[in-house]
Amino acid sequence: MDFSLSEKEQKLFERAKEFTREHITPEANELEKRNEFPKEIVQKAYEAGLMNLHIPTEAGGPGLSLLDETFVSEATGYGCAGLATSIMCNNLAFAPLVIGATIEQLKKYVEPLITGKDAKFGAFCLTERGAGSDAGAVATRAVRDGDEYIINGLKCYITSAPQASLFTVFASTQPELKTKGLSVFMIPKGKGVKIGHIENKMGQLNSVQSEVIFEDVRVPKECLVGKEGEGFKIAMKTLDKTRAGIAAIATGVAQRALDEAAKFANIRHQFGQAIGRFQGIGFMLADMGARVAASRLLTRYSAWMADQGMMNSKDSAFAKFFAADSAMQNATDAVQIMGGYGYISEYPAEKLMRDAKLLQIYEGTNQIQRLVSSGIILRESANLDTGFHVKYDGKDAPIM
Ligand SMILES: Cc1cc2nc3c(=O)[nH]c(=O)nc-3n(C[C@H](O)[C@H](O)[C@H](O)COP(=O)(O)OP(=O)(O)OC[C@H]3O[C@@H](n4cnc5c(N)ncnc54)[C@H](O)[C@@H]3O)c2cc1C
C-alpha cells in the first residue's frame, strides 16, 4: 500500500494550493460582501486549468481522474468553500453527461463550453420545491412530440444557474413509474428557459443559486441522455462520483479551521501562557487534527475506488457525511477556541462555520448519506459469517 502522491498528482495539488494562496484566500472575505457570482476568480481558475477536469480527452477535456479532482477541491475549499463550489460546479453539472451521453453528444454540447477563451457553466437541475431528498417526486415533465421533447417545470436551489449555458435537467417521462420514469436531458439556454428567484443564503456567499423555470421548452430528441427512464440510475451514479468532491472541499474547510485555531492557540495568552497549553484546548486541537486526517483518507479512498471502476456508493457516502460533519465540528471548535475573535466577521472562523453548514445539506443531506450507507451495510450483513453462531428469535445467526 502506497499513500504517497505521484509527481503529477503532487504538482496538480501544489498548483491548486498556490492558486488558492494567491487568488482565493486574500479575496474571499471581501468578495462575499458583494454577494454575487465571483466571475473574475472563476475565470482565473479556468485559465489555470482547474475546471472541467473530468471531461474526457475525446470531448476536449483533460480527462483527469476523480482523485485528481479531490486535490483541486481540497485546496480551493481551504481558501473558500463558496468559491470552490463555483469553480467545481461544472463537475456536478456535466457528470451525468460524462456517465450517460455518447461522445458525439459530449462533443456537440459540452466541448464548446470547455474549450473557449472564457469560462462557461453548466447547472445540475434535480431539486424542486416538492422533490429534495425524494428524487422520485420530481414533477418536471418531458413529453415526446415527434422528434422533440417539450419540457415544463420549476427547479430550485440550482448552483450557478444564472451563469449557465447548459442545464442538465431531470424530468419525468412517465410520472406513474416514479424514479423509474425519470429521464435526463441536456437543455441549452434559450427560449422558454428562465431564471427565477435568486436565493439568499447563510454561507458560501461566493456561489450563486436560483430557481430555473422551463416553460414549453422544445429540445431535439438528441438532448435525451441515455434512454428514457435511466435518469434516476444516472443521478445515483453521478452522486457516487461527485460526493468525493464535496468531501474534499469539506476536508479543506476542516484543515483551515484547524490551522487557524492552532495558530491562534499559540499566539493568544491568558493566565500567563499560550491557551494551546491548556489541556482543554490542546485536546480539541488533537480531535480536530484526527478528523482532518480521517476525512482526507476516506475522501481519497472513495475517489480511488471510482477511478478503478469499483462500486463506491457506501464509501463515497461515508466520505461525504464524515468529512462534512468534521468540517462543521472543526469550524465550530475553531470559533470556540478563538473566543470573541471567533465570532467576529473580520476573522476567519465565523465564515468557516457559515460555509461548513451547507456541506451537510447539498448533494444529498448527511441523513441521506447515512441512509445509503446503512442500507448497503444491512444488505452486506445478510451473507456475513462472523464465526459466532447463535440463535436470535429462533433463527440461525450469523447466516440468515
Ligand atoms: C446552497 C444550495 C445549493 C444547492 N445546489 C443544488 C444544485 O446545484 N442542484 C440541485 O439539484 N440541487 C441543489 N441543492 C439542493 C439540495 O441538494 C437539497 O437541498 C438537498 O438534497 C435536501 O433537499 P431538501 O432541501 O428538499 O430537504 P428535504 O429532502 O425536505 O429534507 C429535510 C430534512 O429531512 C431529512 N430527511 C429527508 N428524507 C429523509 C429520510 N428518508 N431519512 C432521514 N431524514 C430524511 C433531510 O436530511 C433534512 O434534514 C442545493 C441546495 C442548497 C441549499
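Computed from a prediction, not measured in an experiment: that's the story for all the values here. Indexing begins at 1, ligand by ligand and atom by atom, following the structure's order.
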What residue and atom, counting heavy atoms only, is the protein's closest point to [atom], and at what distance?
{"atom": "atom 50 (C) of ligand 1", "answer": "Tyr157 O, 3.4 Å"}
{"atom": "atom 9 (N) of ligand 1", "answer": "Phe124 O, 2.7 Å"}
{"atom": "atom 8 (O) of ligand 1", "answer": "Thr159 N, 3.0 Å"}
{"atom": "atom 15 (C) of ligand 1", "answer": "Thr127 OG1, 3.2 Å"}
{"atom": "atom 43 (C) of ligand 1", "answer": "Gln367 CB, 3.9 Å"}
{"atom": "atom 20 (C) of ligand 1", "answer": "Ile361 O, 3.7 Å"}

Query raised in the report: Relative to the ring of Phe13, is the ring of Phe71 parallel (under 30°), tilted (30 to 60°) or perpendicular (over 60°)?
Result: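 Ring orientation, 0 to 90° scale: tilted.
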
Query raised in the report: Parallel, tilted or perpendicular: which fits the ring planes of Phe19 and His23, with parallel below 30° and perpendicular above 60°?
Result: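 Rings of Phe19 and His23: tilted, as their planes differ by 30° to 60°.
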
Query raised in the report: Considering only heavy atoms, does Asp134 approach ligand 1 within less than 4.0 Å through its side chain, its backbone, both, or neither?
Result: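 Asp134 to ligand 1: no contact under 4.0 Å from either part.
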
Query raised in the report: Does the pair Asn91 and Glu69 meet the rule for a side chain to side chain donor-acceptor pair (under 3.5 Å), with working shown?
Result: CA-CA 9 Å; Asn91 291 2; Glu69 270 181 26; 3.2 Å; yes

May I ask you to list the atoms of ligand 1 that are less than 4.0 angstrom from any heavy atom of [X]?
{"X": "Thr365", "value": "22 (C), 46 (C), 47 (O)"}
{"X": "Leu371", "value": "41 (N)"}
{"X": "Gln209", "value": "1 (C), 2 (C), 3 (C)"}
{"X": "Leu126", "value": "11 (O)"}
{"X": "Lys201", "value": "1 (C)"}

Flag: protein heavy atom within less than 4.0 Å of [atom]:
{"atom": "atom 41 (N) of ligand 1", "answer": "yes"}
{"atom": "atom 32 (C) of ligand 1", "answer": "no"}
{"atom": "atom 46 (C) of ligand 1", "answer": "yes"}

Query raised in the report: Would you say Cys156 has any N or O atom under 3.5 Å from an N or O of ligand 1, going by distance alone?
Result: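 No, since none of the N or O atoms of Cys156 sits under 3.5 Å from an N or O of ligand 1.
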
Report task. Say whether Tyr362, considering both its backbone and side-chain N or O atoms, lies within less than 3.5 Å of an N or O atom on ligand 1. Result ->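 No.
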
Requested in this report: Would you confirm whether the ring centroid of Phe124 sits within less than 6.0 angstrom of the ring centroid of Phe170?
Outcome: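 Judged by ring-centre distance (under 6.0 Å), Phe170 and Phe124 do meet the cut-off.
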
Query raised in the report: Ring centroid separation for Tyr46 and Phe121, is it under 6.0 angstrom?
Result: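 Ring-ring flag for Tyr46/Phe121: false, centres at least 6.0 Å apart.
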
Closest approach of [X] to [Y] (non-hydrogen atoms, all atoms of both residues):
{"X": "Leu92", "Y": "Thr242", "result": "CD1-OG1, 3.9 Å"}
{"X": "Glu350", "Y": "Ile344", "result": "CB-O, 4.0 Å"}
{"X": "Val98", "Y": "Pro56", "result": "CG2-CD, 4.1 Å"}

Report task. Determine, for Phe321 and Arg370, whether the Lys NZ or Arg CZ falls below 6.0 Å from the six-membered ring centre while staying within 45 degrees of the axis. Result ->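 Yes, Arg370 and Phe321 form such a contact.
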
Query raised in the report: If you group Ile, Leu, Val, Met, Phe, Trp and Tyr by side-chain heavy-atom gaps below 4.5 Å, do Ile198 and Phe37 land in one group?
Result: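 Cluster IDs for Ile198 and Phe37 match.
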
Query raised in the report: Linking I/L/V/M/F/W/Y whenever their side-chain heavy atoms sit closer than 4.5 Å, directly or via other members, would Val42 and Ile114 fall into one cluster?
Result: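 Not linked; separate clusters.
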
Closest to [atom] (judged by heavy-atom distance), picking from [options]:
{"atom": "atom 29 (O) of ligand 1", "options": "Ser133, Gly132, Gly122, Ser207", "result": "Ser133"}
{"atom": "atom 1 (C) of ligand 1", "options": "Ile368, Leu358, Val208", "result": "Leu358"}
{"atom": "atom 17 (O) of ligand 1", "options": "Glu363, Gln369, Arg370", "result": "Glu363"}

Report task. Decide yes or no for Arg300 and Leu67: does some side-chain heavy atom of the first lie under 4.5 Å from some side-chain heavy atom of the second? Result ->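 Side chain of Arg300 against side chain of Leu67, heavy atoms only: contact under 4.5 Å found.
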
